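Take a look at the structure below.
Model, not experiment: these values are computed from the prediction.
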Number of protein chains: 2
Amino acid sequence: MKPPTIFDVAQEAGVSVSTVSRHLRGDRVRAAERISRAVAQLRYRPSPAAQSLKSGKTGAVALVVPDITNPFFAAVVRGAESITAQGGHTIFLANTDESDTREAEVVEDLLTRVDGMLLAPASEDNPSPQRLADAGVPTVLIDREAPSTGRFDTVLIDNHGGARSAVEHLLSNGHERIATIAGTVDSTPGRFRLEGYRAALDAHSIELPPEFVQPGGFKEHGGYQSMLRLLALPDPPTAVFVANNTMTIGALRAIKDIGVRIPDDLSVVGFDDHPFSEILDPPLTVIDRPMEEQGALAMRMLLSRMRNDSSRESRRVVLDVRLIERASCGPPRSAPMGARRQAARI
Amino acid sequence: MKPPTIFDVAQEAGVSVSTVSRHLRGDRVRAAERISRAVAQLRYRPSPAAQSLKSGKTGAVALVVPDITNPFFAAVVRGAESITAQGGHTIFLANTDESDTREAEVVEDLLTRVDGMLLAPASEDNPSPQRLADAGVPTVLIDREAPSTGRFDTVLIDNHGGARSAVEHLLSNGHERIATIAGTVDSTPGRFRLEGYRAALDAHSIELPPEFVQPGGFKEHGGYQSMLRLLALPDPPTAVFVANNTMTIGALRAIKDIGVRIPDDLSVVGFDDHPFSEILDPPLTVIDRPMEEQGALAMRMLLSRMRNDSSRESRRVVLDVRLIERASCGPPRSAPMGARRQAARI
DNA sequence: GCCTCGTCTGAAAACGGTTTCAGAAATTGT
DNA sequence: ACAATTTCTGAAACCGTTTTCAGACGAGGC
C-alpha cells in the first residue's frame, strides 16, 4: 500500500541503505545487481520530498503567466516544456489573470517549491521580480520587463520594431489616417508597441488625432469596443493597427457587426499570428514572432542561470519579429492612384 | 542568504520550535504575538519539502494533457486552475504530445510528486491510469476513458450526441452526401464522434461510402489532407462534419486553397467553438461544449476524491454539448426545393 | 495553603533520503 | 606471506518539519 522506501530496498537486497543510495547515484557497488533487482521488484522510486529536503533542490521550476488560454502563452509553455522534458525538471504552472495581487500570491506560494522561475509579470511596476531576487530564486522574465527593479535575464521580442513595421506597411499602402488599438500601457508589450506606432507616424510627420489611440486592455472585449469607437468617429481612420491577438478578434467582430469591409473600407494589421489568421476572409496581415522559441530560449537561460549560481551578469535578449503580408491591407479609398496601383501589384 | 528555518523563528521569538510549529498550525499559544512578529520579520515560509516528508502529502496535483496549445486543453487547464487557486494546491503541468510513451514517462515522474492527478490519456488502451491506480494516486480522467482498466472518475462530454446532432443538422438542411474527417479512433472523443456520425446516417438509412470517412488524426495537417481527398472524390460530399478544432482549421485551409465556397458548394460543421469561429466568412457552425467547466469539474472531483480516501465508488460524468448554428451550413446544390426553402428561412 | 486538574511547553523521535567518517575488505607490490 | 594501498561498506548525522510524550505551570476547589 505505502510506497516502498530505500530501507525496504536495502533489506530486500541485504545491504545497508547507504549502499543502495550510492548505487542509485551511480557509484560502483558490489551488490549492484541485487539492488537493481530489488528496486525493480518493489517498484521503488526515491521520495522527492526527502531528496529535496537534503539537497535544497526541488527539481522543479515555476512558469507564471497572465493567461494560459492566450495562444501566445500556451506556445510559450509548450516551448519551455520541450526544454525541461530533457533535463529532468518538472514544471509548476500558474495563471495570474493579469492581476498583480494574484501574481504576488502565486509567486509567494511557488517561491519555496522551485529552483527557478519563468515569469511574465502582469505589469511593469509590480514587486514580484524583486521578491524573487530577495529570496535568491533564479528568475527569467518573459515578454515583459521589470525596469523598476534591478537587472534580470529577460526574453523579449522587438515590440517597437514590430509595431513600427506594421504601421510602415500601412503607410506604404498610402494610408495616413492610421489608428491603433493599444494594450495595457503599463506592460512592456503595450508600451513599446504604442511607441513603435507613434514613432512610425512621427517619422513620416503625420499628425495623430488623440482619439486614434484607443485603449483595448489586451482583451477581446476591449478590442471590440475600441473598434466600435473608431468606426463611429466623424472622420474615421482608413487603417488600424491592433496591438495583440485577442483584441484583434474583438476588433474583427466589431468590423463584421458594423458591415465594414476589409480591406476596401479599412485595412487591418494584427500582432501575433494564429492558424486562423490565414483562413479569415480576407486573410489577416500580422506581425509574427517565434513564440515557442521564446519560451524555449527563456527556459534554456533559466537552466543555465540555475547552474551558474547567479554569478554571471544578466542578459536581455530581443527576438526578431516579421511582417506576414496577407490580404487585409490595401490602399485607402481616397488614396492617390500611385499607391493604389502599387498595392495592386502585390 | 539561506531561507530562514523554523529554528530561526523559534530563536528570534525566544520559544521552542514545537511552539512555533503549533502556532503556525493554529493552536493557541502564549507567545503568539512574538512569534508572528518573528515570522514576518524573517519572512519565514515553511519548507514544503520538509512538510511533505513528514505528512506524506505534497500539496500539489498534476495535470497531464496531450497538447497545451490546443485551445480546448488550455481552457481545461484554466478551469482546473481556477479551482485549486482557492484550495491551496499547486499544479504541475505536463504535455504528452499525444504520445503514449511520453505519457508513461511523465506519469512515472509525477507519480511521487503529487497527491492526485488529472489526466487526459493519449489513447484508450494505454497503461498510465492503471499505473496510477497501482500507486494509489487519486486520479480523474478528462475527456478520455480508460475502458481496459477498472473504473475511474471521469469527466466526459456527449461526443456521440454532439456528432449526431451535427450530422442531423446537415441532414435537416437536405444533405445526404455527408462525409466526416475523423480523429484518432483509439481515443474516446475520436471513437464516439465517429460512432455518433454513423448513428445519425444509419437512423436515416443513408448509405455511407467508405471514402467518406477520412482519418485526420486530430491534427491540422490531417484535416487539410483529408479535406483535399474528399474534394478530389469523383462524387464528392456536399457536407462535412469535422471532428475537432485543429482539423477544422486545416480543412478550411484546404477549402480555401481549392476555391470551394461555403456553404454554397459545401456545408461544414466543426467540433469545439473558438472566438475565431464567429468571424470567419461565413461564420462556422460548431458543436460547443463547456470547456473550462469540464476542467473545473474534474478538479473538484479530484479534490473530493483526495479527501474521501478513495472509498466512494467512481463517477462518470457526461457534460452536455450544444449546436451553435452559424452560416456555414446551407442546402446542398442539388437539394430538392423543399429543403432549400426550409434552410433559407433560418 | 495544598491538592487536583487542565493548559501550555520543550525535548526527542520520526519522515526518507544523502553524505561524512572510520573501519573492513580487497588489491597491489615486494 | 606481509605491509601499504585502494576500494567498498555500514553507522550515524543531518536536512526542516510535525507530533508524541512528559513535565511545568497556573487556576480553581477544598
Interatomic distance, A:Asp27 CG vs C:dT20 P [rounded to whole Å]: 11 Å

Sugar-phosphate only, base, or nothing, as touched by A:Thr5 at under 4.0 Å among non-hydrogen atoms: sugar-phosphate

Distance in angstrom units between B:Lys54 NZ and C:dA12 P, rounded: 16 Å

Test: A:Asp153 and A:Arg305 ion pair at under 4.0 Å: yes

Contact nearer the 5' end of DNA chain C, comparing B:Val29 with B:Leu53: B:Val29

Check against side-chain contact (heavy atoms from CB on, under 4.5 Å), B:Val155 and B:Leu141: CA-CA 6 Å; B:Val155 182; B:Leu141 301 182; over 6 Å; no

Donor-acceptor pair present, A:Ser18 side chain and D:dA11 base, under 3.5 Å: yes

Whole-Å gap separating P (C:dT9) and CZ (B:Arg34): 9 Å

Touch class at under 4.0 angstrom, heavy-atom based, for B:Thr19 against every strand present: sugar-phosphate

Residue pair B:Gly116 / B:Leu302: nearest heavy atoms and the distance that separates them: C-CD2, 4.0 Å

Face-on cation placement of B:Arg289 at B:Phe72 ring, 6.0 Å and 45° thresholds: yes

Position toward the 5' end of DNA chain C (nearest nucleotide), B:Arg30 or B:Ser55: B:Arg30

Rounded interatomic separation in angstrom, taking CZ from B:Arg28 and P from C:dT7: 12 Å

Side-chain-base donor-acceptor pair under 3.5 Å for A:Arg25 and C:dG17: no

Contact nearer the 5' end of DNA chain D, comparing B:Arg22 with B:Ala49: B:Ala49

Pair B:Thr69-B:Asp67, side-chain donor/acceptor within less than 3.5 Å: yes

Atom-pair distance (NZ on B:Lys57; C1' on C:dG16), nearest Å: 16 Å

B:Gln51, nearest nucleotide to its side chain (from D:dT18, C:dT19, C:dG16): D:dT18

Spacing between A:His23 atom NE2 and D:dC8 atom C1', to the nearest angstrom: 14 Å

B:Arg113 CZ - C:dG16 P separation (whole Å): 17 Å

Short side-chain N/O contact to C:dG16 OP1/OP2 from A:Ser47, under 4.0 Å: no

Spacing of B:Ile6 atom CD1 relative to C:dT9 atom P, expressed in whole Å: 14 Å

